[in-house]
Amino acid sequence: MSDRKVCLVVGAGIGVGGSIAKAFAAEGMAVVMTRRPRNLDQLESLAEEIRAAGGEAHAMGVDARDEAEMTALFDRIEKDIGPLEVVVFNIGANVHFNIRDTTTRVYSKVWEMAALAGFLTGREAARVMVPRGRGSILFTGATASVRGREGFSAFAGAKHALRALAQSMARELGPQGIHIAHIICDGSIDGVFTRERMPDADERLARGEILDPDEIARNYVWLHNQGRSAWTFEIDLRPWTETW
């Protein structure tokens, strides 16, 4: 087992989740990154990149909606890797359907990914952190966390639920020494999805007109490092040109 404290990123990839993992690895933490098992090869490449830079990284294929798998994940990390100091829930589940085409299956699946999985992550994190009286649990939100929009009823419903979970946990666990924060990413984020829709993504990124995942990740590290006399619960991050 490593002597390093551990950061878990649930929902890691080449975008925000990967940047968060790299940022905490640069802080000297061992990082554990999860995605569904079918994406494990991509996740292992990210872990290799972190290890090549001198960090400690572990890639694990987990379905974050599955209670037994999530309980086993936290038990394994605590037993074999080290104590969890930071847990980040970063599953997106952004889909667009008009209300007449939103099936029960679509609505349920989005809720499972963005809300149920967040609950399981938060509960298991609390289970291991509360006895130690320290730790940070950070939830990635979106514009839909605070504002519904046409075509996004499923996504907004799930993200509103995640934000309510984070608020409830903050009120319950803050007095027990656990820092809960909700980070609203308001705007397009540089990544595969954005680049498919924006041919000029490189130019926009250079001008600071879309969110840079590395800049987002710096805020997660900052939140974790805050002194408990001045904890932040919620921040919103947006490009300087974003309408809001």
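Note that the coordinates shown come from a computational prediction; the quantities given were computed from them, not determined experimentally.
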Review point. So, R51 side chain and A57 main chain: donor-acceptor pair closer than 3.5 Å or not?
Key: yes
Check your understanding: What's the spacing between R207 CZ and D200 CG if we round to 0.5 Å?
Key -> 6.5 Å
**Study point:** Lys/Arg N to Asp/Glu carboxylate O, R36 vs D66, below 4.0 Å
**Key:** no
**Study point:** Rounded distance (nearest 0.5 Å) linking atom CG of N90 with atom CG of L138
**Key:** 10.5 Å
**Study point:** Main-chain N/O of D101 paired to N98 side chain as donor or acceptor, under 3.5 Å
**Key:** yes
Check your understanding: Can you check salt bridge (charged side-chain N to carboxylate O under 4.0 Å, His left out) on D41 and R35, steps first, answer last?
Key -> CA-CA 10 Å; D41 289 346; R35 293 188 75 180; over 6 Å; no
Point to revise | Heavy-atom pair with the smallest gap, counting every atom of M29 and H224 | key: CE-NE2, 3.4 Å
Practice item. With the side chain counted from C-beta on, respond yes when F97 and T103 share a heavy-atom pair under 4.5 Å apart, and no when they do not. Key: no
Review point. CZ of R76: more than 12 outside heavy atoms within 6.0 angstrom?
Key: no
Point to revise | Hydrophobic cluster membership, L211 vs W222, 4.5 Å side-chain cutoff | key: yes
Check your understanding: Does any pair with a residue in residues 49-84 pass ring-ring contact (aromatic ring centres under 6.0 Å, His included), and if so which ones, sequence neighbours excluded?
Key -> none
Exercise for review: Please step through side-chain contact (heavy atoms from CB on, under 4.5 Å) for the pair E234 and R163, ending with a clear verdict.
Suggested key: CA-CA 9 Å; E234 187 167 73; R163 183 175 186 245; 2.7 Å; yes
Practice item. Answer yes or no: is there a side-chain heavy-atom contact under 4.5 Å between D75 and R127? Key: yes
Exercise for review: Enter the distance from T143:OG1 to D236:CG here, rounded to the nearest 0.5 Å.
Suggested key: 9.0 Å
**Study point:** Shared hydrophobic cluster for V130 and F119 (ILVMFWY, side-chain gaps under 4.5 Å)
**Key:** yes
**Study point:** Close side-chain approach of C185 and V16, heavy atoms under 4.5 Å
**Key:** no
Review point. More than 12 heavy atoms of other residues, nucleotides or ligands under 6.0 Å from CZ of R132: is that the case?
Key: yes
Exercise for review: Side-chain contact test, heavy atoms from C-beta onward, threshold under 4.5 Å: evaluate it for E85 versus R134 and give yes or no.
Suggested key: yes
Practice item. Grab the two heavy atoms, one from L223 and one from A181, that are nearest each other, plus how far apart they are. Key: CD1-CB, 4.1 Å
Revision key, fill the gap. Correct closest heavy-atom pair for G13 and L46 would be O-CD2, 3.5 Å
Review point. Do H160 side-chain atoms and A144 backbone N/O form a donor-acceptor pair below 3.5 Å?
Key: yes
Study note, to complete from the structure: Heavy-atom nearest pair, L73 first then M60, reads CD1-SD, 3.5 Å
Point to revise | Interatomic distance, S188 atom OG to R238 atom CZ [nearest 0.5 angstrom] | key: 13.0 Å
**Study point:** ILVMFWY network linking V110 to Y107, side-chain heavy atoms under 4.5 angstrom
**Key:** no
Review point. Do any N or O atoms from the side chain of S145 and from the backbone of A142 form a donor-acceptor pair under 3.5 angstrom?
Key: yes
Review point. Do V146 and L162 belong to the same hydrophobic cluster, where Ile, Leu, Val, Met, Phe, Trp and Tyr are linked whenever their side-chain heavy atoms lie under 4.5 Å apart, directly or via other members?
Key: no
Review point. Is there a side-chain contact between F89 and I137 (heavy atoms, below 4.5 Å)?
Key: no
If you look only at distance, which donor and acceptor atoms sit under 3.5 Å apart when one is on a side chain in residues 164-177 and the other is two or more places apart or in another chain?
{"from": "S168", "atom 1": "OG", "to": "A164", "atom 2": "O", "distance (Å)": "3.0"}
{"from": "Q176", "atom 1": "NE2", "to": "E172", "atom 2": "O", "distance (Å)": "3.1"}

Point to revise | Gap between atom CZ of R147 and atom CH2 of W244 - 0.5 Å precision | key: 10.0 Å
Review point. Is there side-chain contact between I183 and N219, with at least one heavy-atom pair below 4.5 Å?
Key: no
Review point. Of all heavy-atom pairs between E78 and L84, which one has the smallest distance, and what is that distance?
Key: OE2-N, 2.9 Å
Point to revise | Salt bridge flag under 4.0 Å for residues E27 and K5 | key: no
Point to revise | Pairwise distance NZ(K109) to CZ(R105) - rounded to 0.5 angstrom | key: 5.5 Å
Check your understanding: Between V87 and E124, is any pair of side-chain heavy atoms under 4.5 Å apart?
Key -> no
Review point. With no hydrogens and no angle check, do the side chains of T140 and Y220 hold a donor and an acceptor under 3.5 Å apart?
Key: yes
Check your understanding: I184 and F139: same hydrophobic cluster, using ILVMFWY side-chain contacts below 4.5 Å?
Key -> no
Point to revise | Pairwise side-chain contact, R65 with L120, heavy-atom cut-off 4.5 Å (strictly under) | key: no
Review point. Nearest heavy-atom pair of V9 and G17: which atoms, and what distance?
Key: CG1-O, 3.9 Å
Review point. Does W111 reach the main-chain N or O of G157 with its side chain, forming a donor-acceptor pair under 3.5 Å?
Key: no
Point to revise | Check against side-chain contact (heavy atoms from CB on, under 4.5 Å), T71 and R123 | key: CA-CA 9 Å; T71 299; R123 186 192 69 186; 4.1 Å; yes
Point to revise | Check: H179 side chain, T232 main-chain N or O, donor-acceptor pair, under 3.5 Å | key: yes
